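What you see is a predicted model; the values in this text were computed from it and never measured.
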Amino acid sequence: GEATEAAQAAIAADPQEAQGFYMLSLVMRERNEPQQAMEAIQTALNLEPAEPDFLVTLAYLHIDARRWNEALAATQLAVERSPHHVGAIN
């Protein structure tokens, strides 16, 4: 779909820009493609490890897979990095 193409275009334009991988992870999660979503968010986190939005997305992917400990760890890290981040504290 268009969202997938937009994310892939962003990645192709600048493979060192984490935002494209983040967008791709959101699209893949929405399309129920958890493996691709996890790979994309891991790449985004490798590029920008302190970005709380990426950590929250990682937590949601772990929740989707019922990996509670990993979800909690990602959420705690997001809160540490950004104590007022709405997604992290919800």
Dump the intermediate steps for side-chain contact (heavy atoms from CB on, under 4.5 Å) on T4 and R31, then the final yes or no.
-> CA-CA 10 Å; T4 305; R31 290 180 47 193; 3.1 Å; yes
Within a strict 4.5 Å, meaning less than it, do heavy atoms of the E70 and L58 side chains meet?
-> no
Indicate, with yes or no, if L26 and L61 share a hydrophobic cluster defined by side-chain heavy-atom contacts under 4.5 Å among Ile, Leu, Val, Met, Phe, Trp and Tyr.
-> yes
Pair Q35, E39: side-chain N/O donor-acceptor within cut-off below 3.5 Å = yes
Residues at least two apart in sequence or cross-chain that pass side chain to side chain contact (heavy atoms under 4.5 Å, CB included) with E48, listed by chain then number, are E17, A18, E51, F54
Taking all heavy atoms of P49 and all of R81, pick out the closest pair and write down the distance.
-> O-NH1, 2.9 Å
Check step by step if side-chain contact (heavy atoms from CB on, under 4.5 Å) holds for L45 and Y22.
-> CA-CA 9 Å; L45 281 164; Y22 171 63; over 6 Å; no
Output the distance between atom CG (D64) and atom CG (N32), rounded to the nearest 0.5 Å.
-> 8.0 Å
Minimum heavy-atom distance between A7 and G20, given as atom pair plus value | CB-O, 4.0 Å
How about R29 and M38: do any of their side-chain heavy atoms sit closer than 4.5 Å?
-> no
Do S25 and V27 come close enough that some side-chain heavy atom pair is under 4.5 Å?
-> no
Which heavy-atom pair separates P15 from A12 by the least distance, and what is that distance?
-> CD-O, 4.0 Å
L55: which of I41, T75, L77 passes side-chain contact (heavy atoms from CB on, under 4.5 Å) = L77
Can L47 be reached from M28 by stepping across I, L, V, M, F, W or Y side chains whose heavy atoms are under 4.5 Å apart?
-> yes
